Structures are given as C-alpha cells and as structure tokens.
Amino acid sequence: MGQHEHVRVAVIGSGFGGLGAAVRLRREGITDFVVLERADSVGGTWRDNSYPGCACDVPSHLYSFSFAPNPDWPRTFSGQQHIRAYLEHVADTFRLRSHIRLNHEVLTMHWDKDELRWEIETSKGTLTADVVVSATGPLSDPKIPEIPGLADFPGKVFHSSRWDHDYDLRGKRVAMIGTGASAIQIVPSIQPEAAKLTLFQRTPPWVLPRMDRAITGAERWLHRRLPFTGAARRGLLWGIRELQVSAFTKRPNELGLIESIAKRNMGRSIKDPVLRGKLTPSYRIGCKRILLSSEYYPALAQPNVDVVASGLAEVRGSTLVAADGTETEADAIIFGTGFRVTDMPIAERVVGADGITLAEAWKDGMESLRGATAAGFPNWMTIIGPNTGLGNSSMILMIESQLNYLADYMRQLNVLGGRAALAARPSAVHTWNRRVQERMERTVWKSGGCNSWYLDANGRNTTLWPGTTGEFRRATREVDLAEYEVVRVSAKGAEPAVGTEPAVDAESGVDAEPAVDAESAVEAVEPAESAEAVR
C-alpha cells in the first residue's frame, strides 16, 4: 500500500459489520474502497472467540445476512466454526478479497478539515479516505480486571477470547472468572477435563434451556430447493422476537413467566439448596443478558466443581482470594469478563474536526445520531454504534438497517457532488439520544435491579436499542439532511455550505416493519459463484 493511496471509503474491521458494508458498497456501485483488518483473516469476534463450546445464542437462520441465506446450517444454533466459515464464504462469494487488507491495524485516524478527508495511519502505511466506516464491533477488545497480585501468578492466565489452545487443562486446577455468555459455554466443555474447576461468580445469571438440535437433511434439502422456505423460517424467528420486545422495553413485570422457566431449568439439575441459593438471581430476568444452556447447571452439580459466590479480589502466588475471603488453589485462570463495550478502544484512535479524539468527545458517555454518526466527526460512520445492541434478537438485523443508512449516506454525498462532507449537527445528536434515554427509563435494563455491562460508568445504558428492529429499520431507512451540516472546501478551508437547514427532531418511527430485506440480489456485483445460497 503506497504512502499516499486514496480511496473513496475505508472500512475498519472484517466481521459481520465490515463484510456487510463491503457488500453494500459494491451493491451501490462503489468499488473504490478497502477493508482494513488488524488480524490475518476475516471473521471479527467469530475469529477471535474459539474457546471450547463457543456458539451463537441466536438461531442460525436469523443470524445470517438476508442477502446471503445459508440453507445448510448444521444446527439450529450454530457453533463458532460454522459461523466463521460462513463469513469466509461471504467474502469469497461477493468477491471481497481484493478489497481486504489483512494485518493492517488502524493506529490513528485524523480528519483533515482542509482537504475534507480522513488520514489513516495503519501498521502497514498511510492512506486517505473520503469516508470511514468503523465496523470494529463492541465485542473485540477483551476486558481483564485489575487484580492485585495477578502479575505474579505462577500459572497460566488468558481471556476467553484469546484462548490458548496449546495449554492442556487436563488434570489442572482451573479457575473460571465470570458467569457471562462465554463462561456458561466454557464451563460444561472443560469440566470433564479439569481436576478441579472453581467458578468465581459475582452475580448469577438467568439461564434458559437451549433448544438446540441438528437440522435434518430433509430440512436442508427443502431450503436449497425452495429458498422461500428458508426465508419463511427466518421471518418466523424474527416475528416471534419482535413480539417479545414490549416485555423488555415497556412491561418488565410480564417477564415473570420466563423467570419460572429459568428456575425450572435450574431445578432439574441443582438439587442442593445451598448451591441453588447461590445460583438464583435477585434481579428481574432480562436486566442482564439472558443466557441459554442446557449443560451449564448439570456441569455445576458435578463433584469436581465449586461455585464461589463472590468475585476474585486478590492473587497470592497460586492462591486465589475471593472478595468474601474464600481461598482457592489454581494452576490456571480463565477470564470470562467481557469486553470494552462502553469505552471502545477504537474511539481513542479517531481524531475529529476539532482536534479531539472520539473518546474525549464521549467522555461523559457514547452518543451518536441514529447509532451511526457523531458530532464533530464528518464523514465517519460506525456500524453497531451506541444504542444499537439487542437483548433478545439478532444483531444482523440491526447491521443491515445500518447498511441501508450507509447506502443513502453515500447517495447523498454523490448528489451533493464535488468535495463535500456531512457533519452531524450536535442538536440532532442530542435530540436523538435524549429520546432514546427517555425510552430507556422504563425498560428492564434500567428498572430490573441489576448492574450490567450494558451500562456505562455514569449508569446510562448506551448499549441497547429500546425498541423493535422494525422501528430501527424505519429510523435508518434514509439520511435526513436537516440533521447534518454540509461542509465544502472554500478558499478559507472547509466551511459549512450556505443555506443548510436547521436541525429537526430526530425521532424514530413507531410502525414496526419486517427487518428482512426483500432484495436478495446484489446489483453492482456478480457473485463469484452461481445464485446458489452460501454454504
């Protein structure tokens, strides 16, 4: 890559968001773009997370692009290896390889307000771009808490998303820190191998049974021969989850029935009343992420497993000390402590029009316009930005909605013509986020009585979307230029264009619509293979 290469669009990351953006750009007839990936292969979080038992908790036919259906998913809930293979095939099928720059970690991005473009420094050189699409995702940078004495632990230490496959857990005393979505998959997978497995639990999760099964050959044959059956299956999965949203966002008290199902799931395996007391949450189900597993509780009931109902507070040599004083000897520590979601590291590398980083702009909490653009950062867009996460459905639905917004954003720039940039108005960003936070107050995530990773340091939920995916699709169908300033290059440098309209209320729509894109053809690119579905 030359030092002065210039592209129309630079996409950062090659997970679902980055590859989806690349497909959509080609669909819009834009081929002058690159996908910058810091690792040596595509896949994002499904490349990084390869721990034992890693799988998705969203049904396979809903956790895939509408424009790239896969009739050959092997199970109703797919494992990590199958999802990663799917993303590799998307990259091949839609001829994205020539755009992807592997081992190109983005170090800094600076907005050049005189040239109206982004200067991007990577680990392999520098380039410039008119538009940046940041698709690094919130589950990309692991978070390990600062534990006194951890640096002196004589054994093995690693995070679940950086699994050390060369380390043999057989016969070892293993400490699992955390009880999130990764931990409940890891625990049943490693319990038979470990001599002793100690689970450090600060807060017990609500766990529903995982209704997973192999998809039959007849089903796969039907979806291959009659593609509309796969689309119908996807639509049904989507519709069921849309109907559940109001219980999470408006009427949390209706979640009592779901709690009773979770308690029965626990009761089938946990007979010891003391252990059952440790594992029973004291908050409303849904306040923290609801987990799915039919193997977690049976594993915890095994004689070589011990549950410490307290967080890890200190490490003294090979002795782990919990906050309640419990001491445990360990040969290995595995952290299942999540990711930097509300303080994404990529924000520290983005410097906007005012010379400050995105992290500085977001020091009081992440804010964006329609989950996509930030005030002070022209022609910069994020996929899976603030308040775009979901508590009960597929993030692919949200990503595809944001791809619609990206497509119209590029169309608006083309209509404006010349050297132009769109800068989100602070008033529009504020209005959008004020209304999101107002809606958030009555959700289970705010009123359910827990402290979750959805909340930032100020107690604001800047992670989840407080509505249906249909509402979000309506709100991101097109760009409203009244929410932006049009910036052009003049003799004095970049200036707002004369006559731009004042900002208007940035309110989302209220009519839920199917989030599945009815258009499956890719208009600007012929797939590398025939029109067969991705397998």
Side-chain angles (χ1 to χ4, degrees), residues 45-46 49 51-60 62-63 75-80 83 138-139 142-143 159-161 176-191 197 199-213 237 240-241 244 247-248 252 255-270 275-276 278-301 305 307 309 311 334-339 341 389-395 444-445 448-455 463-464:
T45 191
W46 294 106
N49 287 271
Y51 57 79
C54 183
C56 190
D57 58 5
V58 175
S60 304
L62 194 60
Y63 199 79
R75 303 195 66 84
T76 52
F77 291 88
S78 290
Q80 173 264 344
I83 298 174
L139 306 182
K143 180 173 61 177
H159 190 274
S160 60
S161 67
M176 182 77 223
I177 315 301
T179 53
S182 299
I184 71 157
Q185 295 178 345
I186 293 171
V187 166
S189 300
I190 67 174
Q191 173 270 320
L197 176 59
L199 178 68
F200 285 79
Q201 168 194 272
R202 287 193 306 173
T203 308
W206 285 105
V207 183
L208 292 174
R210 183 182 179 88
M211 309 303 290
D212 187 28
R213 65 171 178 83
L237 292 168
I240 292 171
R241 282 156 180 77
Q244 297 170 347
F248 289 85
L255 293 167
L257 175 61
I258 308 300
E259 283 187 9
S260 65
I261 296 174
K263 288 178 179 178
R264 285 199 298 270
N265 184 41
M266 183 195 305
R268 280 192 289 267
S269 302
I270 307 300
L275 180 56
R276 193 181 309 150
K278 290 181 180 180
L279 299 175
T280 301
S282 60
Y283 56 88
R284 173 65 77 189
I285 193 170
C287 183
K288 294 171 71 76
R289 182 175 176 181
I290 299 175
L291 307 182
L292 303 180
S293 178
S294 298
E295 294 80 32
Y296 179 63
Y297 289 133
L300 295 185
V305 178
V307 176
I334 302 172
F335 283 96
T337 45
F339 300 86
V341 175
L390 296 175
N392 76 315
S393 191
S394 172
M395 280 305 302
V444 69
W445 310 308
C450 73
N451 183 24
S452 73
W453 59 265
Y454 300 148
L455 309 180
T463 305
L464 298 183

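Counting begins at 1 with the first residue of the sequence. What you are looking at is a predicted structure, and each value in this text was computed from that prediction instead of being measured.
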Evaluate side chain to side chain contact (heavy atoms under 4.5 Å, CB included) for M176 paired with L197, printing each intermediate quantity in order. CA-CA 7 Å; M176 182 77 223; L197 176 59; 4.3 Å; yes
Chi angles and distances behind the side chain to side chain contact (heavy atoms under 4.5 Å, CB included) call for T203, Y283: CA-CA 10 Å; T203 308; Y283 56 88; 3.5 Å; yes
Step by step, would you call Q201 with L279 a side chain to side chain contact (heavy atoms under 4.5 Å, CB included)? CA-CA 9 Å; Q201 168 194 272; L279 299 175; 3.5 Å; yes
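Residues S161 and N49 have side chains that never bring a donor and an acceptor to within less than 3.5 angstrom of each other.
By the 4.5 Å heavy-atom criterion applied to side chains, I190 and I334 are counted as neighbours. Residues S78 and Y63 are not in side-chain contact: their nearest non-hydrogen atoms beyond the backbone lie 4.5 Å or more apart. In this structure, the side chains of Q80 and Q185 stay at 4.5 Å or more apart for every pair of heavy atoms. K143 places none of its side-chain heavy atoms less than 4.5 Å from the side chain of V341. In this structure the side chain of Y454 reaches within 4.5 angstrom of the side chain of R289, judged on heavy atoms. A 4.5 Å side-chain heavy-atom check between W206 and I258 finds every atom pair outside the cut-off. Side-chain contact between N265 and Y296: absent, with no pair of heavy atoms (C-beta onward) separated by less than 4.5 Å. Side-chain contact between I186 and S160: present, with at least one pair of heavy atoms (C-beta onward) separated by less than 4.5 Å.
S294 contributes no side-chain N or O that, together with a main-chain N or O of P209, makes up a donor-acceptor pair within less than 3.5 Å. In this structure, the side chain of T337 does not engage the main chain of G178 through any donor-acceptor pair within 3.5 Å. In terms of modelled atom types and a separation under 3.5 Å, the side chain of D212 and the main chain of F77 share a donor-acceptor contact.
When all heavy atoms are compared, the tightest approach of S269 to P298 is OG-CG, 3.3 Å. Of all heavy-atom pairs spanning C287 and G449, the tightest one is SG-N, 3.9 Å. Of all heavy-atom pairs spanning A309 and K278, the tightest one is CB-CG, 4.1 Å. Contact detail for C450 and L455: the closest heavy-atom pair is O-CD1, 4.4 Å. For L291 against P205, the heavy-atom pair with the smallest separation is CD1-CB, 3.5 Å. Across every non-hydrogen atom of I83 and C56, the tightest pair is CD1-CB, 3.6 Å.
Going from atom CD1 of I184 over to atom CG of L199 covers 11.0 Å, rounded to the nearest 0.5 Å. Note: T463 OG1 to L390 CG = 11.5 Å, rounded to the nearest 0.5 Å. Considering CD1 of I290 and CG of D57, their distance stands at 10.5 Å, rounded to 0.5 Å. Taking CG of L255 as the reference point, atom CD1 of I285 lies at 7.0 Å (rounded to 0.5 Å). Taking CH2 of W445 as the reference point, atom NZ of K288 lies at 14.5 Å (rounded to 0.5 Å). Interatomic distance, Y51 OH to H159 NE2, rounded to the nearest 0.5 Å: 10.5 Å.
The ring-ring contact (aromatic ring centres under 6.0 Å, His included) test applied to Y297 returns no partner, not counting sequence neighbours.
Few gaps surround CZ on R276; more than 12 heavy atoms of other groups in view lie less than 6.0 Å from it.
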